Amino acid sequence: MFVLYEEDGAFKAGTVLTDNEATLQVENTHGKRVKLKRANVLLEFREPGPADLLSRAEAAAEELDTEFLWDVCGDGEFGFVDFAAEYQGRTPSAVESAAILLRLHSAPIWFHRKGKGRFRKAPADILQAALAGLEKKRQQAAAIEHMRGELVEGRLPPELAALLPQALYRPDRNRLEIKALEAACVDTGLSAARLLLKCGALGSSYDFHYNRFLFEHFPEGASFPAFAPATLPAELPRAQVAAFSIDDASTTEIDDAFSVTPRAEGGWRIGIHIAAPALGFGRGTALDAIARRRLSTVYMPGGKITMLPDDVVQTFTLAEGRDCPAVSLYLDLTPGLAIVGEESRVEMVPIVANLRHHDIEPVFNDDTVHGEGPDFAWKRELTLLWDLATVLEAGRGKAGGNEDRIDFGFSVDWTQETADGPGHVSISRRLRGSPMDKLVAELMIHANVTWGRLLDEAGIPGLYRAQGGGKVRMTTVAAPHEGLGVECYAWSSSPLRRYVDLINQWQIVSVLKGEPPAFAPRSADLMAALRDFELTYAEYAEFQRGMERYWCLRWLRQHGRGEVDAVVLRENVVRLTEILLVFKVPSMPLQLPGSEVRLFVEHTDLLDVEIEARFVRTLSEPDPAGSTPHPSTRSDTAR
């Protein structure tokens, strides 16, 4: 006697060795002996053999039409043997019964199991819904397979192109497109970013990083929404000065300018003039909402995302050849450069020149400022302002603090195509602390201190930078900034670029005009703006550092650098001497900090923004009496 039974979800057959009525001892087709309860036996038969039964039943089941079985089946519950007899019109053989069992069991959508060997046909409505679901799954599987194949072949499916940012930066793994992308990544051995770059979804590795920043911080895009235009204030007094600005050639948001006017009683009146967008729109306007959302201009090599729309910037930037609204701080100086009077005003300031670093620095630098030097326009004014800056710096107890810092400047020519995509990068370096740097920084610090004190004395809240115990923080009350050596410091000199400065300018203007402030004391909105600015400003700065690192790698690849020189910072951390690129060299033996070493660049990765280099040899060890200039770090003296 042979039996057909179910074990662990599979049908098996075996030979009965012992029949104890309630239980059977059976040897299956693999020679294994098992003990079965008689209730678990589905079919008893004498022929064919167990192995032959299963193979023949499987073949016969494949020939059975499931839909026909469902049509001829009654609505009630039934056993498979009875249904086999009805289907055959006679007593079925063991193979025929087993074939019916296997077919019914393999079609759970059509036939619902009701017990061992017992079934019931699915109701028509449930069956149709299940079949529709099956068809949908089949179509989805086909779509996934099609998209996977396209990606593997290096083509971008249109379906995936429509949700590219989400696929790269926040994939929803329930979507078919993402499932296809992940399957293609497994097949090709590439990450999603590398595969999509290969398929042309990204113009270059730069797009991957820039678009990720936009996705995280500007999900609606970098363009501006509709807004009511800013208006130039009317009936402001016109200053009797000739003001000039000092900026980099790429600067379009010109926030600050200076003027030097002789005093009749001797000495000079120095003007520090700050662009005044706060006079063109107020709190609660559409432009305020835009600035509040962005909080700062975003800087990166080769581009920027401005805080305010270009039209607004052009309206209030201190461009030469026109009168511009400004908040001005005037310093009355004696011939010995002692400050004997200060006055803040809201006025229209005539801007007569926009001086640029590349034009002025060759004739106004550390070498020329101490000697005769060549004559040039604005030499007298710049020299006087530099002398004043030196006095102000010494008054803070910070004289000569920046001369060993290196500034790296990045310039990207987007019209040039390289092997890594559009953009040819140039990196320049200069020592910070030049006369121009000191001149601008010290006058900005003095203005920010003066206006911070003005707000504090008027009882009007502002946003201050404070430092104590080495920790810099923002606060709404005046507090010392130990790093700068000042009693208080309120960012006020860049209202076109930073929302904090714009807020402070609204507050300053309210004091100067005797009007209610935009933000009252203990304003919850002011605290929220402070908190959001700190977080956002740090994220923007981190993005800028990341993109500077990216362009450093592009510079190395662009110049085909193999061997490079570096300075050891600590342990196996080095900084290249030509560019601001810091990384680890695991193969480098222990070196003294400050040692110069030669490395061989073995690999650079523009997507992961990583570099691998091998130690070649030590070039020199540090001179204990000397010092090595180190790269610039952003500080509160930046405008």
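Just so it is clear, the structure is predicted and the values come from calculations on it, not from any experiment.
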- Trace of the side chain to side chain donor-acceptor pair (under 3.5 Å) decision for Thr251 with Asp248: CA-CA 5 Å; Thr251 300; Asp248 185 83; 4.8 Å; no
- Task: Scan residues 225-242 for pairs that pass side chain to side chain donor-acceptor pair (under 3.5 Å), counting only residues two or more places apart or in two chains.
- Result: Arg238-Asp323
- Query: Is atom CE of Met527 surrounded by more than 12 heavy atoms (other residues, nucleotides or ligands) closer than 6.0 Å?
  - Reply: no
- Looking only at atom types and distance, does a side-chain atom of Thr285 sit under 3.5 Å from a main-chain N or O of Asp288, one as donor and one as acceptor? yes
- Message: So does Val582 get a backbone contact from the side chain of Arg549, meaning a donor-acceptor N/O pair under 3.5 Å?
- Response: yes
- Message: When you measure from the side chain of His209 to the backbone of Val609, do you find a donor-acceptor pair of N or O atoms at a distance under 3.5 Å?
- Response: no
- Task: Compute the ring centroids of Trp491 and Tyr464, then answer whether they are less than 6.0 Å apart.
- Result: no
- In sequence, state the C-alpha distance, the side-chain angles, and the governing distance for Glu342 and His446, and then conclude on side chain to side chain donor-acceptor pair (under 3.5 Å). CA-CA 11 Å; Glu342 293 184 339; His446 191 79; 2.8 Å; yes
- Using modelled atom types only, decide if a donor and an acceptor are shared between the side chain of Asp255 and the backbone of Leu496 within a distance under 3.5 Å. yes
- Query: Can you name the residues that form a salt bridge (Lys or Arg N to Asp or Glu O under 4.0 Å) with Asp608, not counting sequence neighbours?
  - Reply: Arg194
- Taking only residues at least two apart or on different chains, which pairs with a member in residues 520-530 satisfy side chain to side chain donor-acceptor pair (under 3.5 Å)? Arg283-Asp525
- Message: Show every salt bridge (Lys or Arg N to Asp or Glu O under 4.0 Å) that has at least one partner inside residues 532-541, sequence neighbours left out.
- Response: Arg292-Asp532
- Could you name each residue pair satisfying salt bridge (Lys or Arg N to Asp or Glu O under 4.0 Å) that touches residues 260-277, not counting sequence neighbours? Arg263-Glu265, Arg269-Asp332, Arg269-Glu343
- Kindly indicate, with the supporting measurements, whether the criterion salt bridge (Lys or Arg N to Asp or Glu O under 4.0 Å) is fulfilled by Glu442 and Arg396. CA-CA 10 Å; Glu442 289 302 326; Arg396 296 189 297 112; 2.5 Å; yes
- Message: My understanding is that only residues two or more places apart in sequence, or in another chain, count here; which of them pass ring-ring contact (aromatic ring centres under 6.0 Å, His included) with Phe410?
- Response: none
- Item | Which residues share a ring-ring contact (aromatic ring centres under 6.0 Å, His included) with Phe208, sequence neighbours left out | Tyr169
- Task: Check the pair Arg170 / Glu216 against salt bridge (Lys or Arg N to Asp or Glu O under 4.0 Å), numbers first and verdict last.
- Result: CA-CA 10 Å; Arg170 195 177 296 161; Glu216 293 173 351; over 6 Å; no
- Message: Donor-acceptor pair, distance only, cut-off 3.5 Å: does the side chain of Asp456 make one with the backbone of Gly452?
- Response: no
- Task: Would you check if the side chain of Glu320 reaches a backbone N or O of Ile351 as a donor-acceptor pair within less than 3.5 Å?
- Result: no
- Message: Has Gln166 got a side-chain atom pairing as donor or acceptor with Asp172's backbone, closer than 3.5 angstrom?
- Response: no
- Only counting residues at least two apart or in another chain, list the ones meeting salt bridge (Lys or Arg N to Asp or Glu O under 4.0 Å) with Arg173. Glu182
- Query: How about Leu455 and Ile508: do any of their side-chain heavy atoms sit closer than 4.5 Å?
  - Reply: yes
- Contacts of Arg473 that satisfy salt bridge (Lys or Arg N to Asp or Glu O under 4.0 Å) - sequence neighbours left out: none
- With sequence neighbours excluded, tell me which residues meet salt bridge (Lys or Arg N to Asp or Glu O under 4.0 Å) with Glu347. Arg345
- Query: What is the ring orientation for Phe213 with Phe218, classed by angle as parallel under 30°, tilted 30 to 60°, or perpendicular over 60°?
  - Reply: tilted
- Donor-acceptor under 3.5 Å (Thr315 side chain, Val313 main chain): no
- Message: Let's go through Asp387 and Leu337 carefully: what are the C-alpha distance in whole Å and the side-chain angles of both, what is the deciding distance for side chain to side chain contact (heavy atoms under 4.5 Å, CB included) to 0.1 Å, and is it a yes or a no?
- Response: CA-CA 8 Å; Asp387 289 337; Leu337 301 184; 3.6 Å; yes
- Task: State yes or no: are the ring centers of Trp555 and Phe408 separated by less than 6.0 Å?
- Result: no
- Message: Show every ring pair (Phe, Tyr, Trp, His ring centres under 6.0 Å) that has at least one partner inside residues 268-316, sequence neighbours left out.
- Response: His273-Tyr330
- Message: Check whether Gln505 reaches the backbone of Ala275 with its side chain - one donor and one acceptor, N or O, closer than 3.5 Å.
- Response: yes
- Item | ring-ring contact (aromatic ring centres under 6.0 Å, His included) between Tyr206 and Trp551, intermediate numbers included | CA-CA 9 Å; Tyr206 172 84; Trp551 284 107; 5.7 Å; yes
- Residues two or more places apart in sequence or in another chain: which of them pass ring-ring contact (aromatic ring centres under 6.0 Å, His included) with Phe227? none
